[in-house]
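Can you keep this structure in mind? I'll have questions shortly.
Computed from a predicted model, the values in this text were never measured in an experiment.
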Amino acid sequence: VGADTVINPTDTLRASGPAKHITVLNQTTTHIYIKGSGLIESAVLNFIVTDANGIKVDRKHRVQVKFYILNGPNGGEYIYPDTMTTRDGYVYTVLNSGTIAGAVQIVAEAEAEGETIRSNPIRVAIHGGLPDQEHFSIVAEKANIAGRAHYGITDQLTAFVGDKYSNPVAPGTIVYFKSDYCIVEGSAVTDELGRATVRLISSAPIPPEPLVNPFATITAYTYSDTLGSKTIQSSTKVLLTDVVAPIEVEPTSFTYSDLNEPVQFSYKVHDIWGFPLVSGTSINVDATAGNLYGDINIEMKDTQRSGPGTTEFSFPWALSLIHI
C-alpha cells in the first residue's frame, strides 16, 4: 500500500459485497518535476475499492485494478505498477515523470461481476526542471521611455525562464532583478508559463552622459541548481529619452517657379540628445496652401534606433496635385 495509507485492522474483519466504487484515497504530492531535474520525480497515488455500502472489499471480493494515464504531455511519463490486486480494499500506483512538463490525469479501473468501475481522474502536475541559461531571457514592454524628461514613468519587465528541455520552470521560481540606473522591483516569482514580471520606475540615478550611455541596463538573475550556487543571468536595455528638441526642417525657404515640380523637404524630430521620441508620439505636417505627401502624419513606434523613419523624415510639397 502507498506510503501515506493507514489501515485500521478492525476494518479487515468486516465482510463486504462486490466491488462497486474506486475512490482516490490520497496522493503524496500534487506536483512532481521532470526527469533529470534533481527534484521529486514521482508521486504515490492511493486508491480504495468499496462495495455499494462503502465497505472496503474483503479478500473474497478482491479485484484486479488497472491504472492508466488518461491525459498527459507525452514526454515519457509512466505509471508502475499498471495493475494491482486489492489488499483489504487498497491499491496504489506510482506516477513517474518524463522530460516534458504538463498536467497528467490518472484513472483506476476494475471489472466486478461484469461491470466496469472507474475512479475519477486524479491530477498531478509535472513541473519543469531547474532554470537553464540557454532558456533564460528578459524583455521590456517599452524599449524607450521618457525617463530623462520625467520621473515616475513605469515600464514592465518580464523574465522568461525555461529548463534545458524548453519547458517553463516550476511556478514560484524566484527571479531577482537589478538595474544600473532608475529603480526596479527586486524580485518576482514565475507563473505557470515561466514568466516573472517587475516594474522599472524612472528616477535618480540616470546616466550622467546620455550621448555615451542613454540606457538603463536591467539584469535578471536566478539559480540553476538546488543549492543556489550556480547563477544564471540575462540583461536588457531601456532607452531613457529626454524632452523634445526644436524641429529641424530643410530647406527653410524656397522659390517656386514650376507648377509641375514638387519641392522636397526633410526634417528631424528627436529629443535634445538626438534619440527617437517615445511610442505614441504624433508628428503632423500642415501647409496653408498646396498639397503635401510622404511623412506628414506619423505615429512613433517603440524604438531605440535613430535614423530614417524614426528621427529623420521627408515629404514633397506641390502647389497642384502630383502623382508620386
So which pairs with a foot in residues 186-209 pass salt bridge (Lys or Arg N to Asp or Glu O under 4.0 Å), sequence neighbours left out?
Glu185-Arg199, Asp191-Arg195

Test your reading of the model: is there a side-chain donor-acceptor pair from Gln105 to the backbone of Val124, 3.5 Å cut-off?
no

Within 45° cone of Tyr223 ring axis and under 6.0 Å: Lys230 NZ or CZ:
no

Establish, yes or no, whether a centroid distance under 6.0 Å links the rings of Trp317 and Tyr293.
no

Give me the other members of the hydrophobic cluster that Ile183 sits in, counting Ile, Leu, Val, Met, Phe, Trp and Tyr linked by side-chain heavy atoms under 4.5 Å, directly or via other members.
Ile201

Got a donor-acceptor contact below 3.5 angstrom from the Ser16 side chain to the Asp58 backbone?
yes

Check: Asp132 main-chain N/O paired with Ser224 side-chain donor or acceptor under 3.5 Å
no

May I have all residue pairs that pass side chain to side chain donor-acceptor pair (under 3.5 Å) and include part of residues 246-255, sequence neighbours excluded?
Glu248-His270

Would you indicate whether Ile40, at its atom CD1, is surrounded by more than 12 heavy atoms from other residues, nucleotides or ligands within a distance under 6.0 Å?
no

Within the side chain of Gln156, is there an N or O that forms a donor-acceptor pair under 3.5 Å with the backbone of Ala140?
no

Ala43 backbone acceptor or donor facing Gln27 side chain under 3.5 Å:
no

Residues 144-154, side-chain donor-acceptor partners within the protein, below 3.5 Å, at least two apart:
| residue | atom | partner | partner atom | Å |
| --- | --- | --- | --- | --- |
| Asn144 | OD1 | Thr241 | OG1 | 3.1 |
| Asn144 | ND2 | Pro276 | O | 3.0 |
| Asn144 | ND2 | Leu277 | O | 3.4 |
| Asn144 | ND2 | Thr303 | O | 3.2 |
| Arg148 | NH1 | Pro207 | O | 2.5 |
| Arg148 | NH2 | Pro207 | O | 3.4 |

Before you tell me yes or no, could you show the steps for Leu39 and Leu130 under side chain to side chain contact (heavy atoms under 4.5 Å, CB included), namely the whole-Å CA-CA distance, both residues' side-chain angles and the distance that decides it to 0.1 Å?
CA-CA 9 Å; Leu39 303 171; Leu130 295 167; 4.3 Å; yes

Sorted by chain and number, sequence neighbours left out, side chain to side chain contact (heavy atoms under 4.5 Å, CB included) with Pro214 holds for Leu239, Phe275

For the backbone of Lys35 and the side chain of Ser97, can you confirm whether one donor and one acceptor N or O come within less than 3.5 Å of each other?
yes

Among all residues two or more places apart in sequence or in another chain, which pass the side chain to side chain contact (heavy atoms under 4.5 Å, CB included) test with Ala108?
Ile22, Phe47, Val65, Phe67, Ser119

Is the distance from the ring center of Phe265 to that of Phe315 below 6.0 Å?
yes

When rounded to the nearest 0.5 angstrom, what is the spacing between OH in Tyr165 and CD1 in Ile34?
5.5 Å

ILVMFWY network linking Phe254 to Ile296, side-chain heavy atoms under 4.5 angstrom:
yes

Atom pair OH/CD1 of Tyr181 and Ile206 - distance to nearest 0.5 Å:
9.5 Å

Donor-acceptor pair, distance only, cut-off 3.5 Å: does the side chain of Thr190 make one with the backbone of Thr173?
yes

Within residues 59-83 or reaching into it, pairs that qualify as salt bridge (Lys or Arg N to Asp or Glu O under 4.0 Å) - sequence neighbours excluded:
none

Could you go through the side chain to side chain contact (heavy atoms under 4.5 Å, CB included) check for Thr222 and Ile174 one step at a time?
CA-CA 7 Å; Thr222 188; Ile174 301 176; 5.6 Å; no

Qualifying salt bridge (Lys or Arg N to Asp or Glu O under 4.0 Å) pairs, either residue in residues 96-111, two or more places apart
Glu109-Arg118

Following the transitive rule for hydrophobic clusters with a side-chain heavy-atom cut-off under 4.5 Å over Ile, Leu, Val, Met, Phe, Trp and Tyr, establish whether Tyr176 and Ile138 coincide in one cluster.
no

Identify whether Leu193 and Val175 are in the same connected component of the hydrophobic contact network (ILVMFWY, side-chain heavy atoms under 4.5 Å).
no

Which hydrophobic side chains are connected to Leu70, either touching it within the sub-4.5 Å cutoff or through other members that do?
Tyr68, Val107

Salt bridge (Lys or Arg N to Asp or Glu O under 4.0 Å): which pairs involve residues 285-311, sequence neighbours left out?
none

With rounding to the nearest 0.5 Å, note down the distance linking CE in Met84 to CD in Gln64.
10.5 Å

OG/Ser42 to CG/Asn96 distance, rounded to the nearest 0.5 angstrom?
5.5 Å

From Ser179 OG over to Lys237 NZ, what is the distance, rounded to the nearest 0.5 angstrom?
10.0 Å

Determine whether Val63 and Thr85 make a side-chain contact, defined as any pair of heavy atoms from C-beta on separated by less than 4.5 Å.
no

Is there a donor-acceptor contact under 3.5 Å from the side chain of Asp271 to the main chain of Trp273?
yes

Let me confirm one number: the CG-CD1 distance from Asn167 to Ile126, rounded to the nearest 0.5 Å.
9.5 Å

Whichever hydrophobic residues join Ile100 through chains of side-chain contacts under 4.5 Å:
none

Under the rule for side chain to side chain contact (heavy atoms under 4.5 Å, CB included), what residues qualify as partners of Ala103, not counting sequence neighbours?
Arg123

